[in-house]
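The shown structure was predicted, so the numbers you read here are calculated from the model rather than taken from an experiment. Only heavy atoms go into these numbers, but all of them, side chains included; no hydrogens, no water, no symmetry mates.
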Amino acid sequence: MTSLRVSALGDSLTEGLGDPAAGGWRGWAALLAASLPADPGGVAFANHATSGARTADVLLSQLPQARQRRPHVAAVIVGGNDTLRASYDIHAVARHLDTTLGSLAEDGTVLLTACLPDPGRMLGLPDALARPLGRRMCSVNTVVHALSERYDAVHVHAAEEPWLFEPAMWSVDRLHPSERGHRALARAFHSELAARGIAVGEAPDERTDGVAPSRSAQVWWMATKGTRWVFDRCTDLLPDLIRLAAAERRENRAEQLDREAAEQTAAALGALPGRRDLTVEVSPA
């Protein structure tokens, strides 16, 4: 009999891109869900995550689907795509995440969250282009940290995990984990959940089912498709990113932009309902 309901909300990371399975993707969330009960058949897992999703998509579309299931455990990992749009607004990101996490918490759901790595760094972009994206990702992670504390979420510091810098942990696009990377993330969450007595099954195996992409395959993908992916993904961001990159080059402007982003992030958290119970620690990117 199924006793544990698990839902996953988010974007392509949680959808499972980089970890192919029959008919689609598997990913860290599916690996984790199967490992939570002592009997792998004792879990009902639903993955609501979709490629390209932003915090608003999770709030408006995925959250209602998840709440209908009344999950015992729900992963909410999103925000990276928000940073890749000219419409990026840390105030909106904070509101969307607060409502999503707060709604699930009201249902008594155990929440799983994670901070995310800097997309510019992972893609190896020039500093002038990477730093604005890194600054945005830092702000999103700050919001996630504060809200994770507010709602007592099980949080994994995925932005600085040592395995992030191992090439074998990444698929050919350098933005989504390989099977090994998905397994590493699943194991990190399993460790945290086991400490709380929620995960009682065996942790996901480190050994892979498939074959990791070779270095040559990664280079070929970046040369033939990677650049196009960036342009397709960031079409509406590029003009704004060029403006931001120009600002980075002005004397002492980068440090000022760091301070301004930190102030905006603190203001976004301070504007949330019930803000007095938030611990806000914002540091520049």
So, taking the atom named OG in Ser12 and the one named NE2 in His176, what distance separates them when rounded to the nearest 0.5 Å?
2.5 Å
Counting only N and O atoms by type, is there a donor-acceptor contact under 3.5 Å from the side chain of Asn81 to the main-chain atoms of Ala53?
yes
Any non-hydrogen side-chain atom of Arg54 less than 4.5 Å from a side-chain atom of Val58?
no
Looking at His182 and Gly27, would you say the former's side chain and the latter's main chain have a donor-acceptor pair under 3.5 Å?
no
Do Thr265 and Thr142 have side-chain N/O donor and acceptor atoms under 3.5 Å apart?
no
Between Asp258 and Arg131, is the salt bridge (Lys or Arg N to Asp or Glu O under 4.0 Å) condition met? List the steps.
CA-CA 10 Å; Asp258 288 346; Arg131 185 152 186 170; 2.3 Å; yes
Between Arg5 and His72 (side chain of the first, backbone of the second, donor and acceptor by atom type, cut-off under 3.5 Å), is there such a pair?
no
List the residues meeting side chain to side chain donor-acceptor pair (under 3.5 Å) with Tyr151, not counting sequence neighbours, and say none if there are none.
Asp98
May I ask you to say whether Arg183 pairs ionically with Asp19, meaning some side-chain N is under 4.0 Å from a carboxylate O?
no
Closest heavy-atom pair and its distance - Trp28, Ile77:
CZ2-CD1, 3.4 Å
ILVMFWY cluster membership beyond Trp25 - transitive side-chain contacts under 4.5 angstrom:
Leu17
By the salt bridge (charged side-chain N to carboxylate O under 4.0 Å, His left out) test, which pairs, at least two apart or in different chains, include something from residues 61-82?
Arg67-Asp107, Arg70-Asp107
Tell me which pairs pass salt bridge (charged side-chain N to carboxylate O under 4.0 Å, His left out) where either residue lies in residues 192-201, with sequence neighbours left out.
Asp152-Arg196
Applying the 4.5 Å side-chain criterion to the ILVMFWY set and letting contacts propagate, would Leu31 and Phe45 be lumped into a single cluster?
no
Residue list, side chain to side chain donor-acceptor pair (under 3.5 Å) with His48, at least two apart or on another chain:
Gln65
Partner of Val76 under side chain to side chain contact (heavy atoms under 4.5 Å, CB included), chosen from Leu112, Thr109, Leu104, Leu63:
Leu104
For Val144 and Thr113, what are the C-alpha separation, side-chain angles and deciding distance, and is it a side chain to side chain contact (heavy atoms under 4.5 Å, CB included)?
CA-CA 7 Å; Val144 171; Thr113 63; 4.1 Å; yes
Does Gln62 use its side chain to pair, donor to acceptor, with the backbone of Gly10 at less than 3.5 Å?
yes
Using modelled atom types only, decide if a donor and an acceptor are shared between the side chain of His190 and the backbone of Ala186 within a distance under 3.5 Å.
no
At their closest point, which heavy atom of Thr83 faces which heavy atom of Leu133, and how far apart are they?
O-CD2, 3.6 Å
State whether Arg26 and Glu179 are salt-bridged, where the test is any N-O pair (Lys NZ or Arg NE/NH1/NH2 against Asp/Glu carboxylate O) under 4.0 Å.
yes
Return the OG to CG distance between Ser103 and Leu59, rounded to the nearest 0.5 Å.
7.0 Å
Is there side-chain contact between Thr14 and Leu9, with at least one heavy-atom pair below 4.5 Å?
no
Please check this pair: side chain of Ser178 against backbone of Ala168, looking for a donor-acceptor N/O pair closer than 3.5 Å.
yes
If only side-chain N and O atoms count, and only distance matters, is there a donor-acceptor pair under 3.5 Å linking Glu260 with Gln264?
no
Residues in ring-ring contact (aromatic ring centres under 6.0 Å, His included) contact with His155, at least two apart in sequence or another chain
His145, His157
